[in-house]
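Inspection log for the structure reproduced underneath, given as structure tokens.
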Amino acid sequence: IDLSYNELDAIEYRIFRNLPVLEEINLEGNGLFHVDREVFANQTRLKIIKLPRNNLEELDRALFKNLPYLEMLNLSNNKLTRLDAGLFHGLSNLVEINLENNSISVIGPHTFDRLPRLKCIALSINYIDDLDENVFGELESLEALFLTNNLLSSVHENVFRSLKTL
């Protein structure tokens with residue numbers, strides 16, 4: 001379903017409930033301030049979520065729970081300031097996540113744990129000044145990590161230790 005470039009400012013939990021085989025949701029360019037934590041709750045077949053170019057400042061830790069087939073998540077060009085540990089847990093088929101051009105300054109330890117198929121993380125154009133040594137956890141499949149145009153002044157010597165395929 002493509003709802004991109006409309007004037008939606010919030011997405012309530014019931015909107016997709018009768019679409020159990022939905023594989024892609026595009027909400028790009030709406031000016032969304034809020035996405036209800038239950039909006040993707042019954043969307044177990046979702047493979048792609050596109051939420052770029054909105055006004056999202058925070059994401060509920062339960063927003064992406066129970067999405068076993070999700071492969072691509074685009075949250076670029078929003079106003080996110082932090083990524084809390086557990087936000088992406090359970091996305092076992094996630095291959096790509098785009099978080100570019102936000103206002104992210106804090107990434108919690110183990111934020112990217114339990115993502116065994118993740119190949120690409122895009123974090124460029126944010127305000128990241130520090131990376132916890134456990135931020136990337138055990139990402140054995142990661143092939144690309146983009147951190148350009150941040151505020152990093154130093155990087156802990158062990159931050160990339162588990163990224164064997166990078």
Side-chain angles (χ1 to χ4, degrees), residues 1-11 15-16 23-37 39-40 43 46-65 67 70-91 93-115 117-137 139 141-156 159-160 163 165-166:
I1 190 164
D2 189 344
L3 291 167
S4 62
Y5 296 99
N6 282 289
E7 296 182 17
L8 302 170
D9 60 7
I11 295 291
I15 192 167
F16 303 121
E23 291 188 3
E24 180 174 345
I25 295 175
N26 186 352
L27 293 163
E28 180 171 357
N30 272 291
L32 290 170
F33 286 98
H34 176 72
V35 177
D36 188 279
R37 68 182 287 174
V39 77
F40 305 125
Q43 304 306 314
L46 261 181
K47 291 182 179 181
I48 299 170
I49 297 175
K50 296 178 183 175
L51 283 164
R53 292 179 178 82
N54 283 292
N55 293 310
L56 299 173
E57 294 181 11
E58 62 181 305
L59 301 170
D60 190 286
R61 284 183 63 178
L63 184 60
F64 304 116
K65 297 290 183 225
L67 298 174
L70 192 69
E71 295 174 3
M72 195 274 282
L73 178 58
N74 188 340
L75 293 162
S76 66
N77 298 287
N78 275 288
K79 297 179 179 178
L80 300 173
T81 58
R82 64 182 301 117
L83 300 175
D84 293 322
L87 182 61
F88 307 118
H89 286 185
L91 300 179
N93 280 302
L94 192 66
V95 174
E96 178 184 339
I97 184 165
N98 188 341
L99 294 154
E100 291 182 329
N101 203 18
N102 276 284
S103 296
I104 299 167
S105 59
V106 176
I107 303 176
H110 306 288
T111 296
F112 297 104
D113 274 4
R114 300 183 203 156
L115 302 172
R117 293 195 169 97
L118 191 62
K119 292 184 183 296
C120 179
I121 302 173
L123 283 162
S124 296
I125 316 170
N126 278 290
Y127 297 103
I128 302 165
D129 62 358
D130 183 47
L131 292 172
D132 183 278
E133 68 178 297
N134 296 311
V135 72
F136 299 116
L139 294 177
S141 297
L142 196 68
E143 295 175 357
L145 174 61
F146 300 97
L147 287 162
T148 59
N149 289 346
N150 276 288
L151 302 174
L152 292 168
S153 57
S154 66
V155 178
H156 191 280
V159 76
F160 304 122
L163 308 179
T165 57
L166 194 61

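Keep in mind that this is a model prediction, so the values were computed, not measured.
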If every non-hydrogen atom of Arg53 is compared with every non-hydrogen atom of Tyr5, which pair is closest and at what distance?
CD-OH, 3.3 Å
Ignoring hydrogens and geometry beyond distance, is a side-chain donor-acceptor pair present between Asn77 and Asn101 at under 3.5 Å?
yes
May I ask you to decide if Leu3's main-chain N or O and Asn30's side chain share a donor-acceptor pair within less than 3.5 Å?
yes
One should read off an interatomic distance between Thr165 OG1 and Leu142 CG, to the nearest 0.5 angstrom, of 6.0 Å
Judged by atom type as modelled, is there a donor-acceptor pair below 3.5 Å linking the side chain of Thr81 to the main-chain atoms of Ser103?
no
Evaluate the side-chain contact (heavy atoms from CB on, under 4.5 Å) criterion for residues His89 and Arg61: first the C-alpha distance (whole Å), next the side-chain angles of each, then the deciding distance (0.1 Å), finally the verdict.
CA-CA 9 Å; His89 286 185; Arg61 284 183 63 178; 5.7 Å; no
Close side-chain approach of Leu139 to Ile121, heavy-atom, < 4.5 Å:
yes
Side chain proximity check, Leu147 to Leu131, heavy atoms < 4.5 angstrom:
yes
Could you give the distance from CZ (Phe136) to CG (Leu145), rounded to the nearest 0.5 Å?
4.5 Å
How long is the straight-line distance from CD1 of Ile97 back to CG of Leu115, given to the nearest 0.5 Å?
7.5 Å
Is it the case that the side chain of Asn150 and the backbone of Leu152 share a donor-acceptor pair, with hydrogens and angles ignored and the cut-off at 3.5 Å?
no
Got a sec: does the OH of Tyr127 have more than 12 other heavy atoms crowding it under 6.0 Å?
no
Test Leu67 against Ile49 for side-chain contact (heavy atoms from CB on, under 4.5 Å), laying out the working first.
CA-CA 10 Å; Leu67 298 174; Ile49 297 175; 3.9 Å; yes
Specify the closest pair of heavy atoms between Phe16 and Ile11, including all atoms of both residues, with the distance to one decimal.
CE1-CG2, 4.3 Å
Flag, side chain of Asp113 to backbone of Thr111, donor-acceptor distance under 3.5 Å:
no
Please report the interatomic distance CZ(Arg37) to CG(Leu59), rounded to the nearest 0.5 Å.
12.5 Å
From Ile48 atom CD1 to Glu71 atom CD, the distance as rounded to the nearest 0.5 Å:
7.0 Å
Within the distance-only criterion (no hydrogens, no angle test), does the side chain of Asn78 pair as donor or acceptor with the backbone N or O of Asn54 below 3.5 angstrom?
yes
CA sep, side-chain torsions, deciding dist, call: Leu123, Ile107, side-chain contact (heavy atoms from CB on, under 4.5 Å):
CA-CA 10 Å; Leu123 283 162; Ile107 303 176; 4.0 Å; yes
Under a 3.5 Å distance rule, please check whether Ser124 uses its side chain to pair with a backbone N or O of Thr148 as donor and acceptor.
yes
Shortest non-hydrogen pair, Phe146 vs Glu100, comes out as CB-OE2, 4.3 Å
So how far is it from Asn6 CG to Glu28 CD, rounded to the nearest 0.5 Å?
12.0 Å
Between Glu57 and Lys79 (salt bridge meaning N to carboxylate O under 4.0 Å), is one present in this structure?
no
Around Glu58, counting heavy atoms of other residues, nucleotides and ligands shown, do more than 12 lie under 6.0 Å from its CD?
no
Counting distance only, does the side-chain N/O of Asp132 pair as donor-acceptor with the main-chain N or O of Pro109 below 3.5 Å?
no
Between Asn126 (side chain only) and Asn102 (backbone N and O only), is there a donor and an acceptor less than 3.5 Å apart?
yes
Counting only heavy atoms not in Lys47, do more than 12 sit closer than 6.0 Å to its NZ atom?
no
Can you tell if the side chain of Leu94 reaches within under 4.5 Å of the side chain of Phe64, non-hydrogen atoms only?
no
So, does Arg114 use its side chain to make a donor-acceptor pair with the main chain of Phe88 at under 3.5 Å?
no
